[in-house]
Amino acid sequence: MPESAKLFLAHLIERLRRAPRKRIVFPEGADARVQSAASRLQKEGLIDVILLENEVRDAKYAHLYYTRRRAKGITQMEAEEVASKPLYRAALMVAAGDADGAVGGAVNTTAETVRAALHCIGPRAGVRTISGVFFVCVADRDQGHDGVLAFADCALVVDPCAVEVAEIAISTAHSTRVIMGAEPKVALLSFSTKGSAKHPHSEKMVEALRILRERAPDLAVDGEFQADTALVTSVGAVKAPGSPVAGRANTLIFPDLASANIGYKLVERLGGAAAYGPVLQGLAKPMNDLSRGCSAEDIYGTAIITALQAE
């Protein structure tokens, strides 16, 4: 684990200790990795842990699910069945205020976890695009914010249009502030820099920049950039002179899910980085997803981030 990851996690823990204790529910409480992480979180006094293991019928949560989904044609009986499942019960506990956040995905797929979050919690007011961000901690602490960068969207939106790219960028900038504790410097990535190549894929990022400057005029954002323009000061000075972001980006917005997912995994596996996520962005209340190949350490870190999102 790079030093930046240790410092990032230590900083999150320090902030969490100063905040009121949060209740985080784990719908996969029978999993040994979840139990290990939950025990550590509880022992260290960071989070009040709620572990769910079995299907349980609860009229309160069934009614809540029915009221949220009846317009979609769900029946009361179907609502009772869905709400009895631990994954949905966890999301409904968050929606009802009985828990401050939820962490799932150690056993369930990303699609299942996100579906439960969308159906039970739903988006934050004004948000139309739910997305996923990874906090990537690299060895070079001169990169990003003390070696930590936000990568999005690495999890959900396969081929976002320009409007969706802009919405993902706004949500990720918010995550950079809330989780990284840094002022976002947002780079819209592509295979070209400032029109060096013309193609609909790169022009999508140009249009996203135009939308962002209308919707978030105070946000430090620029593009379209190749990755080296965004990250390397000397390259940024040559390819995008005068840019407030070039060479100093800490928030990277990719043009599609393929490039984002491949990008963070290459940095993680070949570059020795540590990656925390995907952290879901844009929900009314926090619920986060895990990889089914996650470790207890991954669950521990994601729970801490979830508790901070609940602040």
Side-chain angles (χ1 to χ4, degrees), residues 2 4-5 8 129 131-160 162 164-194 196 201-202 204-209 211-213 216 219-233 235-236 239-240 243-282 305:
S4 62
F8 175 59
T129 304
S131 57
V133 60
F134 275 83
F135 297 101
V136 180
C137 305
V138 299
D140 184 357
R141 289 174 56 192
D142 289 333
Q143 290 291 340
H145 177 66
D146 203 17
V148 184
L149 302 100
F151 283 35
D153 173 12
C154 306
L156 297 181
V157 188
V158 175
D159 187 16
E164 290 170 325
V165 169
E167 291 172 346
I168 291 166
I170 290 170
S171 290
T172 309
H174 177 74
S175 295
T176 297
R177 289 192 183 99
V178 171
I179 305 302
M180 288 169 50
E183 189 59 27
K185 293 182 173 60
V186 182
L188 304 182
L189 300 183
S190 185
F191 55 81
S192 67
T193 295
K194 293 296 185 182
S196 62
H201 289 177
S202 58
K204 174 176 75 173
M205 305 308 277
V206 175
E207 176 63 10
L209 178 64
I211 295 167
L212 277 166
R213 286 181 169 163
L219 183 63
V221 57
D222 207 354
E224 86 286 15
F225 285 162
Q226 291 163 291
D228 57 351
T229 307
L231 298 172
V232 182
T233 305
V235 176
K239 291 188 174 184
S243 170
V245 172
R248 296 184 289 274
N250 58 20
T251 305
L252 305 182
I253 307 301
F254 291 78
D256 52 46
L257 180 61
S259 58
N261 193 272
I262 291 166
Y264 101 79
K265 289 190 175 181
L266 286 174
V267 174
E268 182 183 30
R269 299 301 180 181
L270 298 181
Y276 293 95
V279 174
L280 300 184
Q281 307 179 125
I305 290 172

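Below, all heavy atoms of this structure are taken into account, side chains as well, without hydrogens, waters or symmetry copies. The structure displayed is predicted, hence computed values, not measured ones.
For the residue pair S171 and Q281, no side-chain donor N or O sits within less than 3.5 Å of a side-chain acceptor on the partner.
Residues passing the side chain to side chain contact (heavy atoms under 4.5 Å, CB included) test with D228, sequence neighbours excluded: Q226, V232, V235, K239. Here D256 pairs with S259 under the side-chain hydrogen bond (donor to acceptor under 3.5 Å, both in side chains) rule; sequence neighbours left out. Listed by chain and number, the residues in a side-chain hydrogen bond (donor to acceptor under 3.5 Å, both in side chains) with S243 are D222 (sequence neighbours excluded). Every residue meeting the side chain to side chain contact (heavy atoms under 4.5 Å, CB included) condition with A260, not counting sequence neighbours, appears here in chain and number order: C154, F254. Under the rule for a ring-ring contact (aromatic ring centres under 6.0 Å, His included), H174 has no partner lying at least two apart in sequence or in another chain. With sequence neighbours left out, the salt bridge (charged side-chain N to carboxylate O under 4.0 Å, His left out) criterion links D159 to K204. Scored by the side-chain hydrogen bond (donor to acceptor under 3.5 Å, both in side chains) test, E224 finds S192 as partners (sequence neighbours excluded). Taking L231 as the reference, Q143, L149, L252 meet the side chain to side chain contact (heavy atoms under 4.5 Å, CB included) condition, with sequence neighbours excluded. For E207, the side-chain hydrogen bond (donor to acceptor under 3.5 Å, both in side chains) test picks out R210, with sequence neighbours left out.
Within the structure, the side chain to side chain donor-acceptor pair (under 3.5 Å) test picks out the following pairs touching residues 145-156 (sequence neighbours left out): R141-D146.
Using modelled atom types, one side-chain atom of S4 and one backbone atom of V138 make a donor-acceptor pair closer than 3.5 Å.
In this structure, F135 CZ and T172 OG1 are separated by 8.0 Å, a value rounded to the nearest 0.5 Å. Atom CZ of residue F151 and atom CG of residue N261 lie 11.5 Å apart, to the nearest 0.5 angstrom. Here the straight-line distance linking atom CD1 of I179 with atom CZ of F8 works out to 7.0 Å at 0.5 Å rounding. Here the CE atom belonging to M180 is positioned 5.5 Å from the OG1 atom belonging to T251, to the nearest 0.5 angstrom. Taking CG from L219 and CG from L212, the interatomic distance works out to 6.5 Å, rounded to the nearest 0.5 Å. Summarising the geometry, atom CG belonging to L156 is positioned 6.0 Å from atom CG belonging to L280; distances are rounded to the nearest 0.5 Å.
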Donor-acceptor contacts under 3.5 Å from residues 181-190 side chains, at least two apart:
{"unit_1": "E183", "atom_1": "OE2", "unit_2": "R177", "atom_2": "NH2", "d": "3.1"}

Atom pairs and distances, side-chain donor-acceptor, residues 264-279, under 3.5 Å, sequence neighbours left out:
none

Q: Could you please spell out the steps behind the side-chain contact (heavy atoms from CB on, under 4.5 Å) verdict for V165 and I211?
A: CA-CA 9 Å; V165 169; I211 295 167; over 6 Å; no
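Residues L209 and K194 approach most closely at CD2-NZ, 4.2 Å, considering heavy atoms. Closest non-hydrogen pair, L257 versus A155, comes out as CD1-N, 3.2 Å.
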